[in-house]
Amino acid sequence: MSCSKVFQSFIVFLLILAGCETPPEDTRIKQLDPVQAATLSQGIQKTIVPQIDSGLVLTLWGNDSLVADPVSIDIDDLGRIYYTRTNRQKNSEFDIRGHQEWEISSIALQTIEDKRAFLRKVLAPELSAKNEWLADLNNDGSHDWRDMTIQKEHIYRVEDTDGDGFADKSQLVIEDFHDETTDAAGGILKHGDDLFIAIGPDLWRVKENKWGLAENKTSLSHGYGVHIGFGGHGMSGVEVGPDGRIYWQIGDIGFNGGEKYNYSNSGVIVRSEPDGSNFEVFAYGNRNTHEFVFDEYGNMISEDNDGDHAGESERLVYVVDGADIGWRTNWQFGKYRDPDNNTYNVWMDEKMHIPRHEGQAAYILPTIKNFVDGPTGMLYNPGTALGDEFKNTFFIVEFVGTPTQSGIHTFKLKPRGATFEFAESKRILSGILATGIDFGPDGALYMGDWIEGWNAKDYGRIWKIDVSNPDKAVRAETEKLIKSDITRYNSDELGKLLTHADMRVRQKAQFELASRKQVEIFKNYLSQKENQLARVHAVWGLSQIARKDIPVADNLIPYLHDEDAEIRAQAARWLGDVRYAKAATGLIPLLKDEAPRVKFFAAEALGRIAHAPAFDGLVELLQTNNDTDEYIRHAAALAMARIGQADKLMNL
């Protein structure tokens, strides 16, 4: 035995004598010498010639020796990157375009159990000779559905252990998820001590033990991926909302969570508390809003895939409570081989794919703009990331299978009534096949690299993008706060952090204060007028507490009359979110507010409260709106539907 082995054994012996638990031997960890890792990354980078915007610097952070086929990425507070890697895409997650004979049967499926029965029928052992295209992964001599239970999905954690700017350690945290109905792992979120993993048919919450390995897997929600549809239209986009709830999406392969939640023929965006309670369908009708983001005012912005019809493009969407984004699963099929099914194309012929126009269906919320192709990763600048030129900026990845035509775009929005309009855009990177993206605590942007093509290949990369002249002092202070243990701060210190320039810091402070039920701290920061964003977070924090202690919502009612229109809008929105009935009389006058955004959220709130006396005011709002603002139209009409006075509706 070598001297080093003897020394290691001696240390373990001393730990055992001291009563200390020792880590299990784990071959799933790959550790490179930091110098070797840096040399490998630098060598590979010299072979890549991407096009990058002036003022930006690109660095290969995680090289091919540590990273394989990254799909979605999420960075924790310590700067470690978690990413999903799909193995099932190779043989066990089907694309309907390769199985056209299944189209009609697949559309008929309504539940996950229907899907299971269908797969066991068409891939039965007695049909093995017909299904030799399916790999015999369990080596039993038969090509059948049981081969779909072999491949498992992977979740990795990658980190730079010595802080030299290059990853040197990779650990396989999870190797699981392999039921025959299991889709590909498309979404990952590290939130507190929990990992949230979006992989149909479930959203999973997983705890990590002290050694960084997964344990205590719990399904928070089930029923995602009813159909066999287009590959890559599964679950993804797991995010923490401004309200502390978890939001996620499934594309148009559908969701059926039981009689109350049957959306088997469209995609959905849903939300719940981190423990899975208080579940709600937030919006539907999406084809594949792969990821979405929240800006500093809590607005959800996403990019939905187009229908793959000639002459259309992906759609930039502002997603609100109860939104129907317009798409239905059955509008996809038939066009590949049967021209008789396309004599009238609802999606295209009724121009549902483009921004609002005269004669467009009124029940949908149309796109802001048709923009980019193949959207995958998406971000919004939290405030101190990159440089000043990227403040209030959205980032969207364009993934089209080849690096030369793929990359990252930025864009900005500006208010238009109760919604937004496109302001400007710019491509900041091309030549790299980017997938998931996220900001690190250091303020740099990190992105996964699929390298080439559409299929998994057992290698990949993670890049870092940063400005050449960052504000080092601001960035260092933000990084220190993000990496700090927020539970050690006293409540007054946390209150001060509500005024911080970075949304991630403000949000951490808000969530901790809400967990402590610090109503007075929130009231103090809501009453001050110097920092608007601190006031916004105070509204969110009070609504978080009110979801469990409803009388706390009373503190928001006075702010329905605030001089700041944004605060009026926020108070209205979140009073409605918690369905605080006492607020209804204060909300009705806001239907005539001068600010369209206030009118919109007042109408939304009255609908969520289902306040019947608001009916006539909502009718008047629709009349004065005169169909000029589609979002006010949506909020008022949905509110009337939720109030549910059928006779009054018929009389109209």
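The first residue in the sequence is number 1, and the count goes up from there. The basis for the numbers below is simple: all heavy atoms, side chains too, and nothing from hydrogens, waters or symmetry mates.
Exactly one of D183, N265, T329 qualifies for a side-chain contact (heavy atoms from CB on, under 4.5 Å) with I253. That residue is D183. Between D321 and the choices R608, R271, R573, the salt bridge (charged side-chain N to carboxylate O under 4.0 Å, His left out) rule is met once, by R608.
Looking only at distances, no side-chain donor or acceptor of N262 sits under 3.5 Å from a matching main-chain atom of E259. Checked by atom type and distance alone, the side chain of K508 pairs as donor or acceptor with a backbone atom of I482 at under 3.5 Å. Side-chain atoms of T84 do not come within 3.5 Å of backbone N or O of G186 as any donor-acceptor pair. Without hydrogens or angle criteria, N216 side chain to T218 main chain gives no donor-acceptor distance under 3.5 Å. In terms of modelled atom types and a separation under 3.5 Å, the side chain of Q544 and the main chain of A514 share no donor-acceptor contact. In this structure, the side chain of D202 does not engage the main chain of W204 through any donor-acceptor pair within 3.5 Å. Panel note: side chain Q570, backbone G298; no donor-acceptor pair is recorded below 3.5 Å. Counting only distance, with no hydrogens or angles, the side chain of S221 and the backbone of L203 share no donor-acceptor pair below 3.5 Å. Although no hydrogens or angles enter the test, the distance criterion places a donor-acceptor pair under 3.5 Å between the side chain of N286 and the main chain of I250. E493 places no side-chain N or O within 3.5 Å of a backbone atom of R488 that could act as its donor or acceptor partner.
Residues F282 and V270 have side chains not in contact (no heavy-atom distance under 4.5 Å, counting atoms from C-beta outward). Within the 4.5 Å cutoff, the side chain of F118 has heavy atoms near those of the L109 side chain. A 4.5 Å side-chain heavy-atom check between K529 and R535 finds at least one atom pair inside the cut-off. Between L195 and K190, some side-chain heavy-atom pair lies under the 4.5 Å cut-off. Taking the side chain as every heavy atom from C-beta outward, I188 and I73 never approach each other to under 4.5 Å. Contact annotation: the side chain of Q510 never approaches that of P242 to less than 4.5 Å [non-hydrogen atoms, C-beta and beyond]. No side-chain heavy atom of M235 sits under 4.5 Å from any side-chain heavy atom of I199. Residues L498 and L513 form a side-chain contact, since some pair of their non-hydrogen atoms from C-beta on lies under 4.5 Å apart.
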Task: Check against side-chain contact (heavy atoms from CB on, under 4.5 Å), M300 and V320 - done: CA-CA 7 Å; M300 181 191 284; V320 296; over 6 Å; no
Task: Pair Y83-Y446, side-chain contact (heavy atoms from CB on, under 4.5 Å): steps then yes or no - done: CA-CA 12 Å; Y83 75 87; Y446 293 79; over 6 Å; no
- [ ] In sequence, state the C-alpha distance, the side-chain angles, and the governing distance for R287 and D304, and then conclude on salt bridge (charged side-chain N to carboxylate O under 4.0 Å, His left out).
- [x] CA-CA 6 Å; R287 184 172 186 255; D304 198 18; over 6 Å; no
Open item on the list: Using ring pair (Phe, Tyr, Trp, His ring centres under 6.0 Å), reason through F196 and W248 one step at a time and then give a plain yes or no.
Closed with: CA-CA 10 Å; F196 293 90; W248 65 98; 8.4 Å; no
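Under 3.5 Å, the side chains of Y489 and S484 contain a donor-acceptor pair of N or O atoms. Side-chain atoms of D295 and N299 form a donor-acceptor pair, as typed in the model, at a separation below 3.5 Å. For the residue pair R88 and T182, no side-chain donor N or O sits within less than 3.5 Å of a side-chain acceptor on the partner. In summary, the side chains of D564 and Q532 do present a donor paired with an acceptor at a separation below 3.5 Å, with no hydrogens or angles considered. A side-chain donor-acceptor contact under 3.5 Å links S236 and Q249.
Atom NZ of K496 has 12 or fewer neighbouring heavy atoms from other residues, nucleotides or ligands inside a 6.0 Å radius. Around NZ of K217, the count of heavy atoms belonging to other residues, nucleotides or ligands within 6.0 Å exceeds 12. The 12-atom threshold is exceeded at CG of N490, counting heavy atoms of other residues, nucleotides or ligands nearer than 6.0 Å. The environment of K548 atom NZ is sparse: at most 12 non-hydrogen atoms of other residues, nucleotides or ligands sit within 6.0 angstrom.
A salt bridge is defined here as a Lys NZ or Arg NE, NH1 or NH2 lying under 4.0 Å from an Asp or Glu carboxylate O, and R597 with E566 meets this definition. We find that D593 and R568 are joined by a salt bridge, their nearest charged nitrogen and carboxylate oxygen being less than 4.0 Å apart. Under a 4.0 Å N-O distance rule, the pair R504/D77 does not qualify as a salt bridge. A salt bridge links R416 with E630: at least one charged nitrogen is closer than 4.0 Å to a carboxylate oxygen. Look at E620 and K592 and you find a salt bridge, because one of the NZ, NE, NH1 or NH2 atoms lies within 4.0 Å of a carboxylate O, short of that distance. Here E280 does not pair with R547 in a salt bridge; the nearest charged N to carboxylate O distance is not below 4.0 Å.
By the side chain to side chain donor-acceptor pair (under 3.5 Å) test, E296 pairs with Y380, N392, sequence neighbours left out.
F230 and H233 have tilted rings, their planes meeting at an angle from 30° to 60° on a 0 to 90° scale.
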